[in-house]
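Notes to accompany the following structure.
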Amino acid sequence: MAELPTPTERFLQGILPENPVYRQLLGLCPTLAVTNNMKSAVTMAAAVAFVLFCANIIISLIRDLLKPHLRIVIFTLTIATFVTIVDKFLAAYVYSMSKELGPYIPLIIVNCIIICRCEVCASKQNVVAAASDAVGQSLGFALALFSIAGVREILGTGAFFELQILPSSWPNWIIMVLPPGAFFTLGLLLGLVNWLSNRSGKKAT
Amino acid sequence: MEFIAEIFLIAIGAALINNFVLYYFVGICPFIGVSKEVETAIGMGFAVTFVMVIASFISWSITTFILIPGAPISSFVAGFFLTPEKAASIDLTILSYIVYIFAIASSVQFVEMFVKKSYPLLYRSFGVFLPLITTNCAILFACLTIMSNVAGIDNPENAWGLSKAITLALFGGMGFTLAIVIMSGIREELNFADVPEPFKGAAITLIIAGILAMAFMGFTGVDSGIRRLLL
Amino acid sequence: MGKFKDNYIVKAWLVLSIALIFGSSLAGVEIVLKPKIIANKLNETLSLIPYLIQEKEKEKSQNLKITFNKVEIEKNERKIFYNVIHTSRDGKTAGWVVKSKGPGYADKVELLIGFDPNMKYITGLFVIDQKETPGLGNKIIENNFRNQFLRINTENSLVAVKTGKRHPGEIDAITGATISSRSVCDIVNTVVKDLKQPLGSGSIKK
């Protein structure tokens, strides 16, 4: 069996080389749905990071006790519990955000990123590696969300974090904050990332 | 008449106007992953619809009879230990997410077993997709939509009945099938197109999905016209 | 047989104990956070009430008594329920606030509508939930549109017009968002039609 990556490698891999959105195409549903403004993107990234971090640590702590056929049940149970906690927490302290994100917070349960990290990393490595993996993957996910949300909010409303940055003569591209804009932005950014990595790959050889 | 009109509006709302994939962005993973050929796309679409209806039925029943405050089963059980008023105020909705995800997982298992035994032909056409469906957000999304119309609403008297819940699931699933079949048709043609290297695969699929979403936006507002005619 | 069963339970002990731990932690979360969530939901409505019943600045929300009522209407042989908020000062009705939902252009539109004690005219309107098209339909939340409803008589049913209002009961529709404007008018009309009689005549009072 191949050597498992060290904590530092796990952390660095999550950010770019194994970016959950651009590289693994995981968790696309929140990536598209909540990126019409930066505020909801930040909330979503924080919620996913919290759930991923907690789930990874718990799974890593009990990894020696896991039975192969009950593994997925325990993953799901852990994730669903933490998602419920996040959901209630948002409703109690950031009510307007919780109302805006609506069903997309509970949908974190079926976000493939988390279950994939539990399976690939946390159920095999120790707590330190699992924690740094969670942080790295969350950063990568946040990076992807912010890049998409930034493009969409700036082009769609001329603002960034609701702060007007483009001149008011800018004709707001409303399509960018509507559903089609999400697909276009992610598609184009994905193409761009592929192109950049192809180019740097060629240079290296 | 009013009831039929409401059902009809839920149906076109779920299938066309607010299409699960192109408006709510749920079920994107299979939409991109399993849309290379029309035949597999149809299989996937039917599997999702099938499981969605069953999972919605289960989650509607659990929500209505056990989870919401004043639900018959939970207040009956709690009635043994508590006073009737306290028993009627028991609110188990905090467990709903956990319950739904297990309802989905078990209905996937159940459907797989049932179809494999009773309809081997059908199983061959979409059986392979069934295990994938457990983590399909579209199904959990249908359950959550139903929940938001049953629990925590202002007037418990206006809560959705079973018929509305099933309509939403059935037509939501059909909307998913429609979107994935259209997409796979386009992607089959795409094999003959000269797509720039970096855009091959997921990137071009997403851009096509954007154009499809624009087309489906044309349906917005249709329901307000129909509503004026019917109600 | 007993041994077989034992075996299964032993195998699943981890799942069971984890379920117990998570269950109790969720119960803790529920106990701590639930009052806050309920308060948040209420505050959303309560904070708007003074503006909805046209309070004068100095007496704003002072000794205003707010009660939540449920009003039942029979329409087309079906029972319809409304959430009506009754506000009173010194035992005298200060105004009514009705919460109502209706279909908008994209999704549901939820309104809070304020009426004077006799349901003769509208004293305020807030859109508390909407997902209309950004930049077009979502202008229904702006004051320019909302303020048109102030002091409008409830005698005539409201119509959204595109060419500038001329007659009483006409509302200027938002350019490019006729359907959104129309749905707000429709919701108000339905509420007036259903509740004008029961609330205005004073048959419901608490």
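Side chains included, hydrogens not; waters and symmetry mates left out as well; all remaining heavy atoms used. The chains referred to below are lettered A, B, ... by the order of the sequence lines, with proteins before strands, and numbering in each begins at 1.
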Open item on the list: I need the residue from A203(B), A105(B), A202(B), P196(B) with the largest number of non-hydrogen atom pairs under 4.5 Å to chain A.
Closed with: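 If we count pairs closer than 4.5 Å to chain A, A203(B) comes out on top.
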Open item on the list: For the interface with chain A, which of F31(B), F216(B), F102(B) has the highest count of heavy-atom pairs at distances below 4.5 Å?
Closed with: F102(B)
Task: Any residue of residues 129-145 of chain A which, by heavy atoms, sits under 4.5 Å from chain B - done: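 Against chain B, none of the residues of residues 129-145 of chain A fall inside the cut-off of heavy atoms under 4.5 Å.
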What part of [X] lies closer than 4.5 angstrom to a heavy atom of chain A: side chain, backbone, both or neither?
X: I98(B); answer: both
X: I32(B); answer: side chain
X: M217(B); answer: side chain
X: I101(B); answer: side chain
X: I211(B); answer: both
X: L206(B); answer: both

Using heavy-atom distances under 4.5 Å, tell me whether [X] contacts chain B through its side chain, its backbone, both, or neither.
X: V193(A); answer: neither
X: L77(A); answer: both
X: L188(A); answer: both

Task: C137(B) and its side-chain contact (heavy atoms from CB on, under 4.5 Å) partner, picked from L28(A), I109(A), L107(A) - done: L107(A)
Open item on the list: Which one wins on heavy-atom pair count under 4.5 Å against chain B: P103(A), P30(A), P179(A)?
Closed with: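 When all of P103(A), P30(A), P179(A) are compared, P179(A) has the most.
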Task: Residue, of L32(A), L178(A), L190(A), that accumulates the most heavy atom pairs under 4.5 Å with chain B - done: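 When all of L32(A), L178(A), L190(A) are compared, L32(A) has the most.
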If the cut-off is 3.5 angstrom, what donor-acceptor pairs do you find between chain A and chain B?
residue, atom, partner, partner atom, Å
D87(A), OD2, Y97(B), OH, 2.5
Y104(A), OH, Y24(B), O, 2.6
N194(A), ND2, P198(B), O, 2.9

Task: Enclosure of F89(A) CZ (heavy-atom neighbours >12, cutoff 6.0 Å) - done: no
- [ ] State, to 0.1 Å, how close I207(B) and F184(A) come at their nearest heavy-atom pair, and which atoms those are.
- [x]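 Closest pair (atom of I207(B), atom of F184(A), distance): O-CE2, 3.4 Å.
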Open item on the list: Could you report the tightest heavy-atom contact between A33(A) and F25(B), atom names first, then the distance?
Closed with: CA-CD1, 3.3 Å
- [ ] Determine whether C112(A) and C29(B) make a side-chain contact, defined as any pair of heavy atoms from C-beta on separated by less than 4.5 Å.
- [x]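 C112(A) vs C29(B): side chains touch.
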Task: Interatomic distance, F183(A) atom CZ to L22(B) atom CG [nearest 0.5 angstrom] - done: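 Reported value, rounded in 0.5 Å steps: 5.5 Å.
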